[in-house]
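Predicted, not measured: the structure shown is a model, and the values here were computed from it.
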Amino acid sequence: MKLKKIEFHQGQAVAVNTYISIIANACEVVTSHLSEPWEHDNIFYDFETLAQDKTMDKVDLANEMIKEITMDNGAYLRGDFKDLGLSTDKYIWFESVHNLAIKTALRIMSFNNVDLTIIK
């Protein structure tokens, strides 16, 4: 599977926050499978922590996540999974989640000029 890429820009807050939330939750799932004492010294924990940081520029964070995940078409990410003793199945799952998060963000951006106000 090929990892999808996108670059976010200011003004795409809903799409950016959606992407970050999906990836942060996926990272939390990945780190929940780690039991070694070094479990907080990995890319997944970093993303999860940065997503909760209120001072972090979310557009920069989302673009950095995408850069790290897609580096060398996922070779860097696969290396992290291997170093942490995580299975190929978990990598494939994470790759799928990333691609679906990109697809979801693109769908949200396609509604850019649409009033998404919830009617009660």
K.L.:
Kindly compute the distance separating CG (D60) from CD (Q10), expressed to the nearest 0.5 Å.
P.N.:
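If I round to the nearest 0.5 Å, the distance is 7.0 Å.
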K.L.:
Provide the closest heavy-atom pair for M65 versus F47 in the form atom of the first, atom of the second, distance.
P.N.:
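What the structure gives for the nearest pair is CA-CZ, 3.5 Å.
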K.L.:
Taking all non-hydrogen atoms of both residues, which atom of V97 and which atom of A26 are closest, and how far apart?
P.N.:
CG1-CB, 3.7 Å
K.L.:
Applying side chain to side chain contact (heavy atoms under 4.5 Å, CB included), run through V30 and K90 and close with a yes or a no.
P.N.:
CA-CA 8 Å; V30 169; K90 285 183 181 60; 5.8 Å; no
K.L.:
Using 0.5 Å steps for rounding, measure from the CD1 atom of I20 to the CD1 atom of I66.
P.N.:
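Separation between the atoms: 9.0 Å.
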K.L.:
F81 and S87: which non-hydrogen atoms are nearest, and at how many Å?
P.N.:
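Shortest heavy-atom separation between F81 and S87 comes out as CD2-O, 4.1 Å.
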K.L.:
Hey, could you give me the CZ/CZ distance between R78 and F94, rounded to the nearest 0.5 Å?
P.N.:
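The distance works out to 13.0 Å.
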K.L.:
How far apart are the closest heavy atoms of L3 and E95, and which atoms are they?
P.N.:
CD2-CG, 3.2 Å
K.L.:
Quick one: does I6's side chain get under 4.5 Å of Y19's, heavy atoms only?
P.N.:
no
K.L.:
Measure the SG-CG distance between C27 and D46 for me, rounded to the nearest 0.5 Å.
P.N.:
9.0 Å
K.L.:
Got a donor-acceptor contact below 3.5 angstrom from the K5 side chain to the I102 backbone?
P.N.:
no
K.L.:
Using modelled atom types and a 3.5 Å cut-off, is there a donor and acceptor pairing between side-chain atoms of D80 and backbone atoms of I69?
P.N.:
no
K.L.:
Answer yes if L100 and I22 sit in the same cluster of Ile, Leu, Val, Met, Phe, Trp and Tyr residues linked by side chain heavy atoms under 4.5 Å apart, and no otherwise.
P.N.:
no
K.L.:
When rounded to the nearest 0.5 angstrom, what is the spacing between NZ in K58 and OG in S21?
P.N.:
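Reported value, rounded in 0.5 Å steps: 9.0 Å.
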K.L.:
Closest approach of Y91 and N73, non-hydrogen atoms and distance?
P.N.:
OH-O, 4.3 Å
K.L.:
Any side-chain heavy atom of V59 within less than 4.5 Å of one from Q12?
P.N.:
no
K.L.:
What's the spacing between D83 CG and I43 CD1 if we round to 0.5 Å?
P.N.:
11.5 Å
K.L.:
Taking all heavy atoms of E28 and all of E48, pick out the closest pair and write down the distance.
P.N.:
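That would be CA-OE1, 3.3 Å.
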K.L.:
Are any non-hydrogen side-chain atoms of T18 and M109 less than 4.5 angstrom apart?
P.N.:
no
K.L.:
Can you find a pair of side-chain heavy atoms, one from H98 and one from T70, that are under 4.5 Å apart?
P.N.:
yes
K.L.:
For V29 and F44, run side chain to side chain contact (heavy atoms under 4.5 Å, CB included): C-alpha distance rounded to whole Å, both residues' side-chain angles, the deciding distance at 0.1 Å, then the answer.
P.N.:
CA-CA 9 Å; V29 169; F44 311 107; over 6 Å; no
K.L.:
So, N63 side chain and E7 main chain: donor-acceptor pair closer than 3.5 Å or not?
P.N.:
no
